[in-house]
Amino acid sequence: MIVGAGPGAGRDWPRPGLTLPVASVVSVNVGEQRDVEWFGRTVRTAIWKEPVAGRIAVRGVNLAGDDQADRRVHGGPDKAVYAYAVEDYAWWSDELGEVVGPGTFGENLTTEGVDLSAAVVGERWRVGTTVLEVAQPRQPCAKLGMRMGDAAFRERFDEAGRPGAYLRIVEEGDVGAGDPVEVIHRPEHGLTIAGLYQRVGHPTPEGLQQVVATPDVPETLRAWASRRIRR
């Protein structure tokens with residue numbers, strides 16, 4: 001079954017008689033490290049990603065030809081692949097008054113027909129010959145502001161509540177533009193990317209408890225939530 005992760009998706013999805021959108025990859029984007037001058041200093045970054053043609057290998061914690069400059073906060077198993085949706089880019093294009101296209105926010109997979117904010121943390125997608133698992137929302141860093149030429153864009157992105165989704169690589173393989181995104185597993189706990197983003201950005205005791213209790217949430221975020229609870 002090929003589905004987009006829409007509102008209300010759960011273990012009984014799809015509902016009888018419902019016409020599902022076809023979810024797919026619009027583009028695969030990669031980028032190498034480069035030095036950028038920003039406010040009088042040289043910053044090393046790989047946020048500039050460009051769409052590439054053909055099939056791209058997905059191995060280890062990366063895509064072939066892709067890189068991250070600061071592995072302390074970027075990359076790794078829980079941030080191996082970043083996905084952002086053309087639907088959210090359309091919103092940004094209206095918001096900014098200019099076309100914002102695939103790869104602008106540094107994502108590896110630009111998707112269509114997938115409500116990334118409604119994706120359940122831990123749900124698994126078959127994309128090309130890979131299996132990818134939804135891990136966490138993006139928390140924007142200063143390099144996004146650098147990419148957009150606006151130091152305040154980090155806060156603007158945060159307030160918009162359209163974070164996209166980081167994915168784990170469960171099964172290695174290759175991906176390409178036009179590949180369907182097929183949801184093959186969805187956990188029953190129901191914590192979505194939007195829900196986790198809200199609980200991290202606006203923590204409450206109840207929300208933090210849910211973060212800690214959800215095993216599909218990355219261990220780093222669960223440990224952070226545990227520390228907040230103990231304060």
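Scope of the values below: all heavy atoms of this structure, side chains included, with no hydrogens, waters or symmetry mates.
- In terms of the salt bridge (Lys or Arg N to Asp or Glu O under 4.0 Å) criterion, Glu98 has no residue partners (sequence neighbours excluded).
- A side-chain donor from one of Glu107 and Tyr89 sits under 3.5 Å from a side-chain acceptor of the other.
- Between Leu63 and Val28 there is a side-chain heavy-atom pair separated by less than 4.5 Å.
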Throw together a table of side-chain donor-acceptor distances under 3.5 angstrom for residues 143-150, partners on residues two or more places apart or in other chains.
residue, atom, partner, partner atom, Å
Lys143, NZ, Arg44, O, 2.7
Arg147, NE, Thr104, O, 3.4
Asp150, OD1, Ala152, N, 3.0

(message) Go through it in stages, so that I can follow the logic: the residues are Arg138 and Phe157, the test is side-chain contact (heavy atoms from CB on, under 4.5 Å), and I'd like the CA-CA distance, side-chain angles, deciding distance and then a yes or no.
(response) CA-CA 10 Å; Arg138 178 194 197 154; Phe157 184 89; 4.0 Å; yes
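- Note: Trp92 and Phe153 meet the aromatic proximity criterion, with ring centroids under 6.0 Å apart.
- Contact annotation: the side chain of Pro163 approaches that of Ile193 to within less than 4.5 Å [non-hydrogen atoms, C-beta and beyond].
- Proximity of the aromatic rings of Tyr82 and Phe105 is defined here by a centroid distance below 6.0 angstrom, and this criterion is not met.
- Legend: salt bridge (Lys or Arg N to Asp or Glu O under 4.0 Å) pairs involving residues 217-231, not counting sequence neighbours, sorted by first then second residue: Glu219-Arg222.
- Val120 approaches Val134 most closely through the heavy-atom pair O-CB, 3.7 Å.
- Using a 4.5 Å heavy-atom cutoff, the side chains of Phe39 and Arg41 are not in contact.
- To the nearest 0.5 Å, atom CD of residue Gln136 and atom CG of residue Leu196 are 7.5 Å apart.
- In the model, Glu123 has a side-chain atom that pairs as donor or acceptor with a side-chain atom of Trp125 under 3.5 Å.
- Side-chain contact check for Asn108 and Asp66: at least one donor-acceptor pair (N or O, by modelled atom type) lies under 3.5 Å.
- Side chain to side chain, Thr42 and Glu37 meet the donor-acceptor criterion of an N or O pair below 3.5 Å.
- Contact check for Pro102 versus Asn29: side-chain heavy atoms found under the 4.5 Å cut-off.
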